[in-house]
There are 2 protein chains.
Amino acid sequence: MIEPVALNKGTPGEPCPIEAALDVIGTKWTFLIIRDLLIEGTLRFSDLLKGMEGISPKTLSLRLKELEAKGIIGRKVYPEVPPRVEYTLTERGRQLEGIFIELKRFGLTLAEK
Amino acid sequence: MIEPVALNKGTPGEPCPIEAALDVIGTKWTFLIIRDLLIEGTLRFSDLLKGMEGISPKTLSLRLKELEAKGIIGRKVYPEVPPRVEYTLTERGRQLEGIFIELKRFGLTLAEK
DNA sequence: CGGCATCCAATCGGATACTG
DNA sequence: CAGTATCCGATTGGATGCCG
């Protein structure tokens, strides 16, 4: 049985869990970075750059560092020449999959007439 | 049985449904407006204003008009003095509930140690 | 009450150039 | 390749004042 989840802002004095979630992933680029990592599993910096239409290296770098600091993604550097850096979701980051499934579900309803 | 949803960016040449969804609800204030309407059902302008810490009337007004134009919320004006305006989710807007349930679920996992 | 108009500050983010 | 540094334009959004 699926545990029902009632929407609310949290108990009085407590932070709203929906806001807490949005503090972690609540911007456009952050969503798209996580989307790509959920789909591909592991990606290099340049692959992320190519996969997201319109993002600049600077912005991608900033968002990746934020997500790493929040424990959503991991960063692994391979000491090679040329350098290689791979990004993956952490266990916590993979908990975000349900949100993206629902986003896709909703996005598909938009395409219906 | 729940239909499985595979994450992907959509078929080649097609828009990514996740991006389509984010185009509709992808900003901080937009999320919080919909959250409040999902919880409360119907809200007046001033109630939305009070429910969201930090938003200004101008910003709220702009976001509400965007959401109305996208068919997510409905706006009803009562010709009274003083005027009363109520906002509710449309049928399309209520389709967003699954996203918020998953956001809450994730937000609660953040609180766990 | 529920806005809109104006002004302005802060943040976001792209373009370009450079480096280990 | 994987960034960082600088510059600058665009966007967001708060403060204030006015109005039906």
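Protein chains get the first letters and strands the later ones, always in sequence-line order, with residue 1 at the start of each.
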Which of the following nucleotides, [options], is nearest to the side chain of [X]?
{"X": "B:Ser46", "options": "C:dG3, D:dA2, C:dG2", "result": "C:dG2"}
{"X": "A:Lys58", "options": "D:dT6, D:dG3, C:dA5", "result": "D:dT6"}
{"X": "A:Thr59", "options": "C:dG2, C:dG13, D:dG3", "result": "C:dG13"}

> For DNA chain D, what residues of residues 71-85 of chain A have any heavy atom nearer than 4.0 Å?
Replying inline: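 Under 4.0 Å from DNA chain D: A:Arg75, A:Pro82, A:Pro83, A:Arg84, A:Val85.
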> Of the residues in residues 22-31 of chain B, which ones touch DNA chain D at a heavy-atom distance under 4.0 Å?
Replying inline: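 Per residue number, the list reads B:Trp29.
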Gap between atom [atom2] of [Y] and atom [atom1] of [X] - 0.5 Å precision:
{"X": "B:Leu43", "Y": "B:Leu49", "atom1": "CG", "atom2": "CG", "answer": "11.5 Å"}
{"X": "B:Ile34", "Y": "B:Glu97", "atom1": "CD1", "atom2": "CD", "answer": "12.0 Å"}
{"X": "B:Ile72", "Y": "B:Leu37", "atom1": "CD1", "atom2": "CG", "answer": "11.0 Å"}
{"X": "A:Ile99", "Y": "B:Ile18", "atom1": "CD1", "atom2": "CD1", "answer": "11.5 Å"}

Length of the [atom1]-[atom2] vector between [X] and [N], whole Å:
{"X": "B:Tyr87", "N": "C:dG3", "atom1": "OH", "atom2": "C1'", "answer": "8 Å"}
{"X": "B:Leu60", "N": "C:dC1", "atom1": "CG", "atom2": "P", "answer": "15 Å"}
{"X": "B:Leu62", "N": "D:dG14", "atom1": "CG", "atom2": "C1'", "answer": "12 Å"}
{"X": "B:Lys50", "N": "C:dG3", "atom1": "NZ", "atom2": "C1'", "answer": "16 Å"}
{"X": "A:Leu49", "N": "C:dG14", "atom1": "CG", "atom2": "P", "answer": "10 Å"}
{"X": "B:Asp47", "N": "C:dG3", "atom1": "CG", "atom2": "P", "answer": "12 Å"}
{"X": "B:Leu64", "N": "C:dG2", "atom1": "CG", "atom2": "C1'", "answer": "11 Å"}
{"X": "B:Glu53", "N": "D:dG14", "atom1": "CD", "atom2": "C1'", "answer": "14 Å"}

> Within 45° of the ring axis of A:Phe100 and under 6.0 Å from its six-membered ring centre, is that where the NZ or CZ of A:Arg35 lies?
Replying inline: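 Output no; distance or angle outside limits.
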>> With nearest nucleotide decided by heavy atoms, which residue, B:Pro57 or B:Arg63, maps closer to the 5′ end of DNA chain D?
In response: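 Result of the comparison: B:Arg63.
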>> Does B:Glu80 have more than 12 heavy atoms from other residues, nucleotides or ligands lying within 6.0 Å of its CD?
In response: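 Yes, CD of B:Glu80 has more than 12 neighbouring heavy atoms, counting only those of other groups under 6.0 Å.
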> So A:Arg94 and A:Glu91, salt bridge (Lys or Arg N to Asp or Glu O under 4.0 Å) or not? Walk me through it.
Replying inline: CA-CA 5 Å; A:Arg94 284 192 294 276; A:Glu91 175 60 27; 2.9 Å; yes
> Is A:Arg63 salt-bridged to A:Glu66, going by a charged N under 4.0 Å from an acidic O?
Replying inline: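 A:Glu66 and A:Arg63: salt-bridged.
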>> Under 4.0 Å from OP1 or OP2 of C:dC4: is there any side-chain N or O of B:Ser61 that close?
In response: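 So the side-chain polar atoms of B:Ser61 do come within 4.0 Å of the phosphate oxygens OP1 or OP2 of C:dC4, strictly under.
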> Taking it one step at a time, do A:Asp36 and B:Lys9 satisfy side-chain contact (heavy atoms from CB on, under 4.5 Å)?
Replying inline: CA-CA 8 Å; A:Asp36 282 16; B:Lys9 297 188 186 183; 2.9 Å; yes
